[in-house]
Amino acid sequence: MLCERDRDATGSSAGGSADLVVISNRLPLRRGSGSGEAQWVGTTGGLVSALTPVLRGRSVVWVGWSGEVGDAELPDSYEGIALRGVPLSGEEYDDFYVGFANRTLWPLYHDGIRTPGFERSWWAAYVAVNRRYADAAAAAAGPGATVWVHDYHLQLVPMMLRALRPDVRIGFFLHIPFPPQELFVQLPWRREIIEGLLGADLIGFQVPGAVANFARLARRLTDATGADGVLRYEGREIRVGAFPISIDAADISARATSPAVVKRAHEIRRDLGDPDLVLLGVDRLDYTKGIEHRVRAMSELFAEGTLATPRHVMVQIAVPSREQDTHYRHERERLERLVGEVNGAYSQIGHTAIHYLHQSVPTDELIALYLAADVMLVTPLRDGMNLVAKEYVAARVDSTGSLVLSEFAGAARELRSAVLVNPHDLDGINDAIRMVIDLDPARARSRMRSLRRVVQRHDVYAWAREFLSALQRPAAVPCGPGAEVGRDAEDR
Ligand code: ADQ
């Protein structure tokens, strides 16, 4: 294979000794309270726990940003993983992170729900910061190491790293959607992004539709040739596949049966006034999550009397997110005004229609909320996967509860037994909620049971294992579960 030949021809160059280098925008740490190294605490869930089993016995380095502008004093390691901080200046934070990553790429990759900004200074910062990450990875990787690059902040890293270290094997995984060509071609630096990604040996997306979108663009904008699952570019072979991310389903189910969490779920229901029905939304406060549309649908159901306090209650947890961005501040203002209007119209003294919390909640509290909720509303306008939907299912250990899920979340491809809705269609959301309220309990159980089978069968450990073993595999075969490469973009 050509990529093998490349590796052999160059051998290893100057670098470190890690077998595996993981690169993501953020390190798996955040600043907690306390002083010195103790003030850094691990971020729960996510990539770290997904990778823990596959990392065992390997020498691993994680390259990423601390989350703080300037030089942060980081601990050398976290849970046996060596850390290499990539510093960002204040200007780079504005231009690379707030600007190009979150103002250009995020909206462009999410169907252009907000108008993307195309600022040349943001692009310049994106190139410079990607180069810094690539340099850090090149310095950390041992001869022939595996390097796993994550997400939309770092799409130039694969090709930059390949130029520095042709001996390493490079995987890239995109956590968010990859847009269809009609949208992507708006990007002034569209060819550079595609070429950046083509530096990888394996490019993973959440769903097959994204594979098809990427492959089409690669053939159109560069000299890449070949089928969707195996492209050829500059004498190398690049495999492209769908690897739907998942959750630690066993851990969530175990927590959902712990006496403390069960007790807390009862307390939550009691504090809500022991309603007949609790509907729940849990999201980062992001305009892609469709929270406003969902609350509007709820408002109509309260107005028509299908829902009424104190019998029916909605809880919406919105994690503060990207508050430095005006799009997000406006989203929050609009949402909070709307929740206020609905509560003004439909609450009673002592009985609130929509309980709204703009805060992050600890994992066990989140699971208690999942247990307390009869109906989970997950209605993003576009979402790469959406882990909340899978977490709710994993928490419903007695197979009760209903999941109303947007057909535009990646999770909808696997969670076929959810009640699927078009999040733009308020009548459709209302019909879905009416339907689950009246759903025969036996029918609801059978739907939940089949959803549970999906999340139990394919958890986050399977996801990490499948990606990394596909990355090691030299043969040119389409990879990943459901990697039905070559399907139409309409499938995304
Ligand atoms: P996100 O857009 O952040 O991730 P999501 O997949 O929903 O979205 O993950 C959110 C995580 O945050 C979940 O694990 C959830 O439990 C947690 N969370 C949500 N609300 C919380 C709260 N109030 N308090 C504490 N925790 C909360 C991106 C993509 C997704 C993709 C993931 C993983 O946008 O589409 O699923 O990456 O690839």
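Only this structure's heavy atoms are used, side chains among them; waters, hydrogens and symmetry mates stay out. Positions are given from 1 along the sequence. Just so you know, ligand 1 is whichever comes first in the structure, and atom 1 is the first atom listed for that ligand.
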Q.
One thing to verify: whether K263 and E267 come together as a salt bridge, which I'm taking to mean a side-chain N less than 4.0 angstrom from a carboxylate O.
A. yes
**Q.** Test: R264 and E365 ion pair at under 4.0 Å
**A.** yes
Q. Against heavy atoms of V319, which atoms of ligand 1 measure under 4.0 Å?
A. 19 (C), 20 (N), 21 (C), 22 (C), 23 (N), 24 (N), 27 (C)
Q) Within the structure, does at least one protein heavy atom fall under 4.0 Å of atom 4 (O) of ligand 1? A) no
Q: Decide whether an N or O pair under 3.5 Å exists between F173 and ligand 1.
A: no
Q. For atom 17 (C) of ligand 1, is the nearest protein heavy atom closer than 4.0 Å?
A. no
Q: Say whether H110, considering both its backbone and side-chain N or O atoms, lies within less than 3.5 Å of an N or O atom on ligand 1.
A: no
Q. Quick one: does E365 get within less than 4.0 Å of ligand 1, heavy atoms only?
A. no
Q.
Heavy-atom pairs closer than 4.0 Å: do any link ligand 1 to the side chain of H150, the backbone, both, or neither?
A. neither
Q: For this output row, return yes or no: ring centroids of F243 and F205 closer than 6.0 angstrom.
A: no
Q: Using distance alone, decide if ligand 1 has a nitrogen or oxygen within less than 3.5 Å of any nitrogen or oxygen in W106.
A: no
(Q) Using a 6.0 Å distance limit plus a 45 degree cone around the ring axis, check whether R26 lies over the aromatic ring of W62. (A) no
Q: Around atom 34 (O) of ligand 1, find the nearest protein heavy atom and jot down its residue, atom name and distance.
A: D383 OD1, 3.5 Å
(Q) Give the atom numbers and elements of ligand 1 that come within less than 4.0 Å of a heavy atom of R284. (A) 1 (P), 2 (O), 3 (O)
Q: Report the nearest protein non-hydrogen atom to atom 24 (N) of ligand 1: residue, atom name, distance rounded to 0.1 Å.
A: V361 N, 2.7 Å
Q) Can you find an N or O of I317 that's nearer than 3.5 Å to an N or O of ligand 1? A) no
Q) Does any non-hydrogen side-chain atom of Q316 lie less than 4.5 Å from one of H355? A) no
Q: Give the numbers and elements of all ligand 1 atoms closer than 4.0 Å to a heavy atom of G384.
A: 35 (O)
Q.
I need the contact type for Q206 against ligand 1. Using non-hydrogen atoms and a strict under-4.0 Å cut-off, is it side chain, backbone, both or neither?
A. side chain
Q: For Y93 and Q324, test the side chains for any donor-to-acceptor distance below 3.5 angstrom and give the result as yes or no.
A: yes
Q) Counting each atom of ligand 1 from 1 as listed, which ones have a heavy atom of V282 under 4.0 Å away? A) 19 (C), 20 (N), 21 (C)
Q) Within a strict 4.5 Å, meaning less than it, do heavy atoms of the V240 and L231 side chains meet? A) yes
Q: Could you list which atoms of ligand 1 come closer than 4.0 Å to a heavy atom of Q359?
A: 23 (N)
Q) Does some non-hydrogen atom of the protein lie less than 4.0 angstrom from atom 22 (C) of ligand 1? A) yes
Q | Nearest non-hydrogen protein atom, atom 6 (O) of ligand 1 | A | L387 N, 2.8 Å
Q | Electrostatic pair D201:R239 at N-O distance under 4.0 angstrom | A | no
Q: Tell me which protein heavy atom sits closest to atom 36 (O) of ligand 1, plus the residue, atom name and distance to 0.1 Å.
A: N386 N, 3.0 Å
Q: Going by the side-chain contact (heavy atoms from CB on, under 4.5 Å) test, name the single residue among Y97, W122, F118 that passes it with R103.
A: W122
Q) Hey, are D274 and R269 close enough for a salt bridge, meaning a charged N less than 4.0 Å from a carboxylate O? A) no
Q) Looking at atom 10 (C) of ligand 1, would you say a protein heavy atom lies below 4.0 Å from it? A) no
Q. E331 pairs by salt bridge (charged side-chain N to carboxylate O under 4.0 Å, His left out) with which of R114, R284, R322, R337?
A. R114
Q: Run the salt-bridge test on D325 and R329 with the 4.0 Å N-O cut-off and return the result as yes or no.
A: no
(Q) Return the CG to CG distance between D374 and L277, rounded to the nearest 0.5 Å. (A) 4.5 Å
Q.
Can you confirm whether or not the ring centre of Y109 sits under 6.0 Å from the ring centre of Y152?
A. no
**Q.** Closest to atom 8 (O) of ligand 1 among M385, E391, K289 (heavy-atom distance)
**A.** K289
Q) Any non-hydrogen protein atom below 4.0 Å of atom 13 (C) of ligand 1? A) yes
Q. Quick one: does ligand 1 sit under 4.0 Å from the side chain of L366, the backbone, both or neither, non-hydrogen atoms only?
A. side chain
Q. Is there a nitrogen or oxygen of I176 sitting under 3.5 Å from a nitrogen or oxygen of ligand 1?
A. no
Q. Counting heavy atoms not belonging to H266, are there more than 12 under 6.0 Å from its NE2?
A. no
Q | Nearest neighbour in protein (non-hydrogen) for atom 37 (O) of ligand 1 | A | H175 CB, 3.8 Å
Q) Between I245 and ligand 1, is there a nitrogen or oxygen pair with a distance under 3.5 Å? A) no
